[in-house]
Amino acid sequence: MAVEFSEAAKQEFSEILTHYPTKEAAMLPVLHLAKREFGHVSTEIMAYISELLELNVTRIANVVSFYTLFPGTPEGKYVIQVCSTLSCQLMGAETVVDHVKKKLNIEVSETTPDKKFTLKKVECLGSCGTAPVMQINDTYYEQLTVEKIDKILDSLK
Amino acid sequence: MHELYFLKNRDNPESHTIEFYLGHGGYEALKKTLKQFAPKEVIEEVKKSGLRGRGGAGFPTGIKWGFVPQDNPNPKYLICNADESEPGTFKDRYIIEHEPHMMIEGIVLSSYAINCHQAYIYIRGEFVAGADILEKALAEARAKGFVGKNIFGSGYDLNINVHRGGGAYICGEETGLIESLEGKRGWPRLKPPFPAIVGLFNSPTIINNVETLANVPLIMERGADWYSKIGSNPKNAGPKLYCVSGHVNHPGLFEFPLGMNLKELIYEHAGGVYKAHQLKAVIPGGSSTPVLLPDEIDVAMDYDSLMSIGTMLGSAGAIVMDETTCMVDALYNLERFYAHESCGQCTPCREGTMWMVKLLSRLEHGEGTVDDVDLLKDVAGNIMGRTICPLGDAAAMPAKSFVQKFRDEFIEHTRQHRCPITKDKSIKGTDANA
Ligand SMILES: Cc1cc2nc3c(=O)[nH]c(=O)nc-3n(C[C@H](O)[C@H](O)[C@H](O)COP(=O)(O)O)c2cc1C
Ligand code: SF4
Ligand code: FES
């Protein structure tokens, strides 16, 4: 089955094109749109984007691989990104990672067998004053404690 | 008590709405400026104010704007750099989420000054909530006619779009950002030409930090003379946001005039060192700036004072480290960051950051030698000045300063064949001033 944007996404795509003098500049917005639509950006999805933007598919792949926010394969329903950079490390980020690992019984960069959670270590999220910090999908969770992490993870259905 | 500008509405949950902003004098500076000032006069006013870039380098803003060639037939662009990713820095996020209209008013004023009709806000991809707030604020501003065609009946038109990044620190570097916005990898360009001459879509482009642009309404509202009296001196002027993170009891964001004393900031405002531990080191301006020893922190947090003691104001992100911190491990953490974020174009940066990570891993795990400590300094020295963009130097400067100021601790790792510090890896609860 060939991938295709929903009607709403197609409309959004047309709107995005009006923001720039070149089609190529719509690259990141379209990649974000694709991630929202499909959850990841596979080779097949890149081929679809290459048609939309009238660019060679290797150009798309070259850009996708440069950034961290466009995974090539599906991830868990909830992607847990624990900040591991200095300010968070000083405030206990390693303990945060260890706790999540133990609780979900997975290693960093793994997904639980039920495809519910993926755990990642990431670089500074720009929220160092409320360290330790993690981002789950679009939401930031700050000033974490072990109890808080438990509550957050238990609340995700 | 000094007057707050950025943080004055900190406790008000409605501060991001246009009604609130208008109710507190918002967009008055824009209205007045479009009526009374020619674009050139705005540039002059900003030059006179002494405003310098808040994104890291501290370049005088008005002077940068003056570089835009007005006889160039191409359109001119303004980009607001909201990529905020320098470890230790979390000030722009506050402005984006709490004072988006201050930022938008600053963008309109600055775009008017350089005769630009299309501006972009490049916001880091992780700031999803921030991007939503900006889109809503822009919609409000468009509906009121503050953004769009014929603003305040002046005949001036400006379109603003939000552009989300893809997760890469290097896209905060201005030419990496331009490449990224054009739809390519965020590979920095060789300078010159500078973006003000050849930037986005081969056109003259001004890139300014969020906080820099958010200062402009204040300058236009109260005047350059008034503004230049805030802070240490006319070359280090204006209100300033300071980020304090790491081992303090009360981390968070603070506002003071430029030139706030770093020691006072840590001890009087950020609640002092965590649980009254001994202070070991402070990185004053974000991860790229050389580290300070406890006896060096009685210093004014402004561009020139910090420069005079061999470090930098950078993005004003102070990272405090107490006696439980291992300096080898802390540097190891930072160099992993730089190795991960190096775009890989220049050999000294790509290879050098990887080498530093390897050496630091060896040292931290007790497998290093004294030669490794010297080699680490040499590798850092070999990166400096040999790369396309300043990320190379940003990775090298902390390494050089850590080894220089904490040499004994590095050597102790090689002597004991293990890390000699009892690290505290527990999660530290603080009363964050978020
Ligand atoms: C590796 C690197 C990352 C940077 N990241 C940012 C950033 O996230 N935000 C920012 O405003 N400036 C950043 N800068 C500085 C920009 O290149 C540029 O100098 C700045 O946006 C100019 O704005 P200003 O004059 O208002 O400070 C970075 C520079 C480098 C070398
Ligand atoms: S210095 Fe590093 S980040 Fe900058 S262009 Fe060279 S390789 Fe890329
Ligand atoms: S170091 Fe974790 S948010 Fe900045």
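Computed over heavy atoms, backbone and side chain alike; hydrogens, waters and symmetry mates excluded. Naming: A, B, ... by sequence-line order, numbering from 1 per chain.
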Checklist entry - Any idea how Phe38(A) and Phe5(A) line up, ring-wise: parallel (<30°), tilted (30 to 60°), or perpendicular (>60°)? => result parallel

Checklist entry - Relative to the ring of Tyr20(A), is the ring of Tyr120(B) parallel (under 30°), tilted (30 to 60°) or perpendicular (over 60°)? => result parallel

Item to check | Engaged part of Ile170(B) at the chain A interface, taking heavy atoms whose separation is under 4.5 Å | outcome: side chain

Checklist entry - Side chain, backbone, both or neither: which part of Thr324(B) has a non-hydrogen atom closer than 4.5 Å to chain A? => result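 Neither; nothing under 4.5 Å.
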
Which of the residues [options] is involved in the greatest number of heavy-atom pairs with chain A at under 4.5 angstrom?
options	value
Gly165(B), Gly125(B), Ala330(B), Cys243(B)	Gly165(B)
Glu84(B), Gln118(B), Arg336(B), Arg164(B)	Arg164(B)
Gly344(B), Ala270(B), Gly246(B)	Gly246(B)
Trp187(B), Phe127(B), Tyr274(B)	Phe127(B)

Heavy-atom distances under 4.5 Å only: say whether [X] touches chain B with side chain, backbone, both or neither.
X	answer
Ile60(A)	neither
Leu31(A)	neither
His19(A)	both
Glu24(A)	both
Val30(A)	neither

Check: [X] side chain, [Y] main-chain N or O, donor-acceptor pair, under 3.5 Å:
X	Y	result
Thr68(A)	Gly167(B)	yes
Asn137(A)	Val79(A)	yes
Asn333(B)	Ser84(A)	yes

Item to check | Tyr78(A) side chain to Thr118(A) side chain, donor-acceptor N/O pair below 3.5 angstrom | outcome: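 Side chains of Tyr78(A) and Thr118(A): no pair found under 3.5 Å.
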
Checklist entry - How about Glu173(B) and Leu391(B): do any of their side-chain heavy atoms sit closer than 4.5 Å? => result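 In short, these two side chains do not touch, never coming nearer than 4.5 Å.
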
Checklist outcome for this item: Looking only at Val63(A), Val122(A), Leu55(A), the option with the highest number of non-hydrogen pairs under 4.5 Å against chain B is Val63(A)

Item to check | Best-contacting candidate, Asp138(A), Val146(A), Thr22(A), against chain B by heavy atom pairs under 4.5 angstrom | outcome: Asp138(A)

Checklist entry - Could you go step by step and tell me if Phe70(A) and His32(A) meet the ring-ring contact (aromatic ring centres under 6.0 Å, His included) rule? => result CA-CA 8 Å; Phe70(A) 311 112; His32(A) 279 296; 5.1 Å; yes

Next on the checklist: Salt bridge check, Glu255(B) against Arg10(B): does any charged N sit closer than 4.0 Å to a carboxylate O?
Outcome noted: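 Looking at Glu255(B) together with Arg10(B), the answer is no, because their closest N to O distance does not fall below 4.0 Å.
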
